[in-house]
Number of protein chains: 2
Amino acid sequence: MAVKREPMSRRDRPAKPALSRRWIVETAVDIMRREGLEKVTMRRLAQELDTGPASLYVYVAHTAALHAAVLDALLGEVDLSGDEGGEDWREQLRAVMRSYTLVLFAHPQLARSALVARPSGENYLRLVERALGLLSLGGATREQAAWGVDTLLQSATATAAEQSTREHDPAATDDWNATVRALGTASATTHPAIAAHMPALIGGTPEQRFRWGFDVLVNGITHTPAPAVEE
Amino acid sequence: MAVKREPMSRRDRPAKPALSRRWIVETAVDIMRREGLEKVTMRRLAQELDTGPASLYVYVAHTAALHAAVLDALLGEVDLSGDEGGEDWREQLRAVMRSYTLVLFAHPQLARSALVARPSGENYLRLVERALGLLSLGGATREQAAWGVDTLLQSATATAAEQSTREHDPAATDDWNATVRALGTASATTHPAIAAHMPALIGGTPEQRFRWGFDVLVNGITHTPAPAVEE
DNA sequence: ACCTGAACACCGTTCAAGT
DNA sequence: ACCTGAACACCGTTCAAGT
């Protein structure tokens with residue numbers, strides 16, 4: 001007996017889920033993992049979702065908001081435990097910041113969008129919460145901790161945005177080479193200080209730079225008095 | 001008697017100068033001042049120069065390089081004297097960094113492009129030269145000065161990139177509002193540290209933040225030992 | 001060497017019209 | 001309320017062909 005069945009076409013592949021913000025963002029993350037953030041466009045995403053670009057605007061205000069949502073999803077990968085750091089608040093904070101930096105390094109173009117559109121998703125809040133707690137443990141005042149978290153995250157984000165571009169964008173590599181060349185050929189007579197600082201200006205391993213940059217900020221944050229902010 | 005004359009059309013307005021990198025960049029700066037960096041596109045620029053976009057590629061490798069050239073031109077406006085600062089190296093450096101920050105704040109979208117494509121023009125070199133000199137005066141080692149300049153410029157640039165977006169881009173204002181709202185509504189039970197740091201997290205005048213941020217970095221840079229970089 | 005027209009392969013966003 | 005087709009107004013970059 002033939003079984004009565006629905007027309008097959010709809011069942012050949014997993015049914016196309018109804019449009020929803022959640023599903024849109026998941027698909028966007030997918031495209032980013034496979035092809036990079038520059039392919040996460042409204043048009044391309046719509047195509048992947050089997051609809052027209054106009055449909056997305058019901059759930060996403062504009063492209064920047066889409067990228068911000070992708071970023072927050074990625075921040076879910078940050079290890080907030082600070083486990084490697086042991087008991088010391090400073091080492092734990094270092095581990096958290098290292099994890100944050102690594103996530104951004106692994107997804108290059110995202111760091112850039114974080115500088116432009118400050119994230120505000122759940123994973124971002126968790127990260128801020130954790131960093132505030134660790135700085136407080138280290139004896140930072142309320143203002144020092146609050147502004148310090150800002151500075152730490154901004155610095156890590158900016159570093160990732162700079163470095164990442166260099167690694168993945170051929171054009172940006174040119175720019176970096178141009179900078180190195182420009183610094184290198186600055187003559188000792190016209191730019192004596194540059195010449196005198198030369199090996200250091202372009203040297204240092206990424207790990208050395210990360211460690212020093214982190215220590216600079218934490219030392220500065222905990223030792224520089226901040227004015228009180230009123231309610 | 002009728003005077004014999006050339007066809008007028010060519011003389012009605014200042015003769016169209018021959019294409020040259022110099023003239024291209026000047027025109028680009030012009031468009032940016034009038035309409036913002038987002039209008040400085042290859043196509044728009046070519047139109048302004050009365051030619052086709054393809055012609056520009058003889059002088060400019062790609063759009064990012066064009067924006068980098070515009071940025072370097074703008075950096076000519078930075079006051080390197082540090083005059084307001086008096087005799088103290090620290091106050092002079094603060095004045096220089098303040099001037100740099102103000103230039104970027106005045107030309108918002110440029111800061112963003114500086115983070116992506118590191119500048120390497122003459123004006124950028126002068127700025128680095130000056131900052132290195134002042135940090136050395138303050139007793140920084142070669143490594144501290146070299147890496148410190150990087151950090152100072154990066155921090156100022158990132159701050160401008162963040163703030164500037166908020167001021168000029170309506171969408172970015174939304175994002176900032178979203179962040180403030182997200183931080184503000186983080187409940188005391190799920191995010192106690194955020195709640196505890198609340199007025200400070202989003203508070204402080206730009207001037208307070210600038211001063212504190214600068215002091216954090218300078219204190220950190222001069223007090224944090226850096227490993228030696230070999231030749 | 002320098003310049004160009006034309007083409008290729010894309011974008012974001014809006015809006016009137018449909019369900 | 002949600003979804004869509006179609007349009008508007010743009011992009012960057014390449015390349016064969018010209019001067």
Side-chain angles (χ1 to χ4, degrees), chain A residues 10 15-28 31-32 34-71 109-110 112-113 116-117 165 168-175, chain B residues 10 15-28 31-32 34-71 109-110 112-113 116-117 165 168-175:
Chain A
R10 303 191 60 107
K16 167 181 154 187
L19 235 42
S20 70
R21 187 176 159 97
R22 200 190 157 73
W23 178 240
I24 286 172
V25 173
E26 264 174 46
T27 308
I31 295 175
M32 191 208 58
R34 292 198 314 263
E35 307 177 45
L37 189 68
E38 68 271 17
K39 299 289 185 185
V40 180
T41 66
M42 292 300 214
R43 292 184 104 104
R44 180 66 211 294
L45 182 54
Q47 184 187 308
E48 202 92 355
L49 290 166
D50 240 315
T51 180
S55 308
L56 304 180
Y57 284 84
V58 176
Y59 304 94
V60 176
H62 43 247
T63 307
L66 175 64
H67 289 180
V70 170
L71 172 62
Q109 313 95 321
L110 226 40
R112 228 179 305 174
S113 85
V116 171
T165 326
H168 294 260
D169 190 338
T173 309
D174 290 353
D175 291 329
Chain B
R10 303 190 61 105
K16 167 184 156 188
L19 235 43
S20 70
R21 190 179 157 94
R22 203 190 155 73
W23 178 239
I24 286 172
V25 173
E26 266 175 44
T27 308
I31 296 175
M32 191 209 55
R34 294 198 314 262
E35 308 175 45
L37 189 68
E38 68 270 17
K39 299 290 181 182
V40 181
T41 65
M42 291 300 213
R43 291 185 104 106
R44 179 65 209 295
L45 181 54
Q47 184 188 307
E48 200 92 355
L49 290 166
D50 240 317
T51 182
S55 308
L56 304 180
Y57 284 85
V58 176
Y59 304 95
V60 176
H62 44 248
T63 307
L66 176 63
H67 289 181
V70 169
L71 171 63
Q109 313 95 324
L110 227 39
R112 227 178 308 174
S113 83
V116 171
T165 327
H168 293 259
D169 189 338
T173 309
D174 290 353
D175 291 329

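Below, read A as the first sequence line, B as the second, and so on, with proteins coming before strands; counting in each chain starts at 1. Only heavy atoms go into these numbers, but all of them, side chains included; no hydrogens, no water, no symmetry mates.
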Task: Presence of A:T51 side-chain N/O under 4.0 Å of D:dC3 phosphate oxygens OP1/OP2 - done: no

TODO: Spell out, as yes or no, whether a donor-acceptor pair under 3.5 Å connects the side chain of B:H62 to the backbone of B:Y57.
DONE: no

Open item on the list: Within this structure, what is the CG-CD1 distance for the pair B:L37 and B:I31, rounded to the nearest 0.5 Å?
Closed with: 10.5 Å

- [ ] Specify the separation, in whole Å, of atom CD of B:E35 and atom P of D:dA9.
- [x] 16 Å

- [ ] Let me know the distance between NE2 of B:H67 and P of D:dC11, rounded to the nearest Å.
- [x] 11 Å

TODO: Return the value, rounded to whole Å, for the distance between atom CG of B:L45 and atom P of D:dC10.
DONE: 16 Å

Task: A:E38 CD - D:dC11 C1' separation (whole Å) - done: 15 Å

Open item on the list: Using every non-hydrogen atom in the two residues, find where A:A69 and A:V25 come nearest and quote the distance to one decimal.
Closed with: CB-CG2, 3.8 Å

Task: Along DNA chain C (nearest heavy atom to each residue), the more 5'-positioned of A:V40 and B:Y59 - done: B:Y59

TODO: Answer with base, sugar-phosphate or nothing: what part of the nucleic acid does B:T41 contact at a heavy-atom distance below 4.0 Å?
DONE: sugar-phosphate

TODO: Mind calculating the distance between CG (A:L19) and C1' (D:dC3) to the nearest angstrom?
DONE: 8 Å

Open item on the list: Using 0.5 Å steps for rounding, measure from the CG atom of A:L45 to the CG atom of A:L66.
Closed with: 6.0 Å

Open item on the list: When the P atoms of D:dC8 and C:dA9 are compared, how many Å lie between them, rounded to an integer?
Closed with: 23 Å

Task: Nucleotide paired to D:dA1 in any strand shown, Watson-Crick or G-U, under 3.5 Å - done: C:dT19

Open item on the list: Measuring from atom CD of B:E48 to atom OG1 of B:T27, what distance do you get when rounded to the nearest 0.5 angstrom?
Closed with: 7.0 Å

Task: Rounded distance [0.5 Å steps], NE2 in B:H67 versus CD in B:E38 - done: 9.5 Å

Open item on the list: Using whole Å, what does the distance between atom C1' of nucleotide D:dG12 and atom CD of B:Q47 come to?
Closed with: 15 Å

- [ ] Using both distances under 3.5 Å as the test, list the Watson-Crick or G-U wobble partner of C:dA9, or none.
- [x] none

- [ ] Working to the nearest 0.5 Å, report the span between CE of B:M32 and CG of B:L71.
- [x] 9.0 Å

Task: Atom pair distance, as rounded to whole Å: CG in A:D50 and P in D:dG5 - done: 10 Å

TODO: Write down the distance between CG (B:L56) and P (C:dC2), rounded to a whole number of angstrom.
DONE: 14 Å

TODO: Indicate for each nucleotide in nucleotides 13-19 of chain D, in 5' to 3' sequence, whether protein heavy atoms under 4.0 Å reach the base (B), only the sugar-phosphate (S), or nothing (-).
DONE: BBB----

